[in-house]
Amino acid sequence: MKTQEECMEIRILSRQGKGIREISRLMGISRNTVRKYLRTPINEPVNLARGKSRGSKLDPYKQYLEQRITSALPHRLPSPVLHRELQAMGYSGSERLIRLYVGRLAPVKVPEPVVRFETEPGHQMQVDWCVFRRGRSPLSAFVATLGHSRSSFVKFVTSERFEVLRECHEEAFAFLAGLPVRSSTTI
């Protein structure tokens with residue numbers, strides 16, 4: 001439905017001598033819409049809705065579905081079960097229609113808040129390997145991250161042997177300026 005201003009603009013353009021085709025082109029609407037606005041009296045609202053709004057096959061059963069779903073909470077009832085129940089009551093529509101309606105009624109799950117793991121400064125460092133490729137020319141990354149500031153040290157290596165792990169730790173301690181009280185290694 002067009003606004004009152006647009007409706008008035010169509011009438012003004014018509015009184016200025018513009019034809020329906022030209023008004024249609026200027027306003028960016030169809031010629032039939034222009035004709036409809038010009039035919040209706042000024043004080044009567046124009047309704048451009050197509051056809052009558054007809055109800056759904058599911059309308060007589062919506063109250064039953066709502067009651068059935070709320071009584072089953074916190075569990076969800078499968079739409080095939082609800083479809084069979086409604087068919088026994090005389091419903092002739094599809095299961096998909098029920099599934100779409102029930103999907104709108106389902107309560108939205110609120111995600112649990114994320115609890116960040118907090119540590120005191122200099123208390124903990126987490127260490128892990130990130131493997132990029134194995135085989136003939138392996139490539140891994142040693143990653144060390146401080147628990148408090150999330151400052152990280154990354155070193156790319158071609159071996160995950162103990163000697164390399166020890167060297168990476170020593171370089172990480174030097175880079176991050178000290179030893180943490182506790183270091184957790186995930187291998």
Is there a side-chain contact between [X] and [Y], using heavy atoms and a 4.5 Å cut-off?
X    : Y    : result
M125 : H169 : yes
F142 : E171 : no
L100 : R104 : yes

Rounded to the nearest 0.5 Å, what's the gap from [atom1] on [X] to [atom2] on [Y]? Could you check?
X    : Y    : atom1 : atom2 : result
C168 : F156 : SG    : CZ    : 11.5 Å
D59  : Y101 : CG    : OH    : 8.5 Å
L82  : Y91  : CG    : OH    : 11.0 Å

Kindly check if the number of other-residue, nucleotide or ligand heavy atoms within 6.0 Å of CD (E163) is above 12? yes
Do other residues, nucleotides or ligands put more than 12 heavy atoms under 6.0 Å from Q16 CD? yes
Whether the T40 and R11 side chains hold a donor-acceptor pair (N or O, under 3.5 Å, no angle test) is what I'd like checked. yes
Counting N and O atoms only, with roles assigned by atom type, does the side chain of [X] sit under 3.5 Å from a partner on the main chain of [Y], one being a donor and the other an acceptor?
X    : Y    : answer
H83  : S79  : no
R133 : S137 : yes
T70  : E66  : yes

Report the relative orientation of the aromatic rings in F153 and F175; use parallel for angles under 30°, tilted for 30 to 60°, perpendicular for over 60°. tilted
Which heavy atom in [X] sits nearest to a heavy atom in [Y], and how many Å separate them?
X    : Y    : answer
P60  : K57  : CD-O, 3.4 Å
R68  : S71  : O-OG, 2.9 Å
I23  : I10  : CD1-O, 3.9 Å
S140 : W129 : CB-CE3, 4.1 Å

Less than 4.0 angstrom from a charged side-chain N to a carboxylate O is my criterion; do R134 and E160 meet it? yes
